[in-house]
Amino acid sequence: QVQLVESGGGLVQPGGSLTLSCAASGRTFSRYLMGWFRQAPGKEREFVAAIYWSGGVTYYANFVKGRFTISRDNAKNTVYLQMSSLKPEDTAIYYCAADSSHSRLVRRQDYWGQGTQVTVSS
């Protein structure tokens, strides 16, 4: 049974930092593009960042470049999203996903986690 389990969400003040984790299990993800997406209330789910298990090539949405960093720990089968300089507009449910087509498109993801809430507010 494939599982992607996110953790690390919470309430943080503007300008603060938070690190999300995504633990993957149930299959080999070595050929998948692992991504983070987010969905704010009333908005569509959008791409945030992605990384290959092998090689470590990364991709970022323009609105998080320089503030967020995606990384992975192959030994722990875990993908991380380090978020800094957080803004109120970063408030959303953050989802981990795995994509065998390497598309970074919401509709092409093969597996999704349950999501973790991130709230940026003073």
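Values in this document were obtained by computation on a predicted structure and should not be read as measured data. Starting from 1, each residue takes its place in the sequence as its number.
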(request) Apply side-chain contact (heavy atoms from CB on, under 4.5 Å) to Tyr94 and Met83, showing your working. (result) CA-CA 11 Å; Tyr94 283 71; Met83 306 184 293; 3.9 Å; yes
(request) Take Tyr59 and Ile70 through the side-chain contact (heavy atoms from CB on, under 4.5 Å) test and state the conclusion after the steps. (result) CA-CA 8 Å; Tyr59 303 94; Ile70 189 170; over 6 Å; no
(request) Begin with the C-alpha distance, continue with both residues' side-chain angles, and end with the deciding distance and a verdict on side-chain contact (heavy atoms from CB on, under 4.5 Å) for Leu33 and Ile51. (result) CA-CA 6 Å; Leu33 183 66; Ile51 188 170; 5.6 Å; no
(message) Would Val12 and Thr119 count as a side-chain contact (heavy atoms from CB on, under 4.5 Å) here? Give the steps.
(response) CA-CA 6 Å; Val12 62; Thr119 302; over 6 Å; no
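When side chains are defined from C-beta on, Tyr80 does not count as touching Cys22, because their heavy atoms never get closer than 4.5 Å. Contact annotation: the side chain of Ser25 never approaches that of Gln1 to less than 4.5 Å [non-hydrogen atoms, C-beta and beyond]. At a threshold of 4.5 Å between non-hydrogen side-chain atoms, the residues Thr69 and Tyr60 count as touching. Proximity of Ser30 to Ser54: side-chain heavy atoms (C-beta onward) are nowhere separated by under 4.5 Å. Between Thr116 and Ser7, the closest side-chain pair of non-hydrogen atoms is not below 4.5 Å. You'll find the side chain of Asn74 reaches within 4.5 Å of the side chain of Arg72, heavy atoms only. The side-chain heavy atoms of Val64 and Phe47, taken from C-beta on, include no pair separated by under 4.5 Å. You'll find the side chain of Leu4 stays beyond 4.5 Å of the side chain of Trp112, heavy atoms only.
Looking only at distances, a side-chain donor or acceptor of Glu6 sits under 3.5 Å from a matching main-chain atom of Cys96. Remark: the backbone N or O of Ser121 is not paired with any side-chain donor or acceptor of Gln13 at under 3.5 angstrom. Panel note: side chain Ser85, backbone Gly15; no donor-acceptor pair is recorded below 3.5 Å. No donor-acceptor pair closer than 3.5 Å links the side chain of Asn77 to the backbone N or O of Ala23. A distance-only check finds no donor-acceptor pair linking the side chain of Trp36 to the backbone of Val48 [under 3.5 Å].
Residues Gln117 and Ala92 share a closest heavy-atom pair of NE2-O, 3.4 Å. Annotation for Asp99 and Gln109: closest pair CB-OE1, 3.2 Å, computed over non-hydrogen atoms. Contact between Lys87 and Val120 at its shortest, heavy atoms only, is O-CB, 3.2 Å. Residues Ser122 and Pro14 approach most closely at N-CD, 3.7 Å, considering heavy atoms. Nearest heavy atoms, Trp53 versus Met34: NE1-CG, 3.2 Å. Across all non-hydrogen atoms, the minimal contact from Asp110 to Ser100 is OD2-N, 2.6 Å.
Taking a 6.0 Å sphere around CD of Glu89, one finds it holds more than 12 heavy atoms contributed by other residues, nucleotides or ligands.
Atoms CG and CZ, on Leu81 and Arg38 in that order, are 9.5 Å from each other to the nearest 0.5 Å.
Transitive grouping of hydrophobic side chains (ILVMFWY, heavy atoms separated by less than 4.5 Å) keeps Phe29 and Val5 in distinct clusters. Tracing side-chain contacts under 4.5 Å through hydrophobic residues (I, L, V, M, F, W, Y), one never reaches Val79 starting from Leu105; they form parts of separate clusters. Under the 4.5 Å side-chain heavy-atom criterion for ILVMFWY residues, a single connected hydrophobic cluster contains both Phe63 and Leu86.
Between Tyr52 and His102, the distance separating the two ring centers is shorter than 6.0 angstrom. The distance between the ring centers of Tyr95 and Phe37 does not fall below 6.0 angstrom.
Looking only at atom types and distance, the side chain of Asp73 has no donor-acceptor partner in the side chain of Thr78 under 3.5 Å away.
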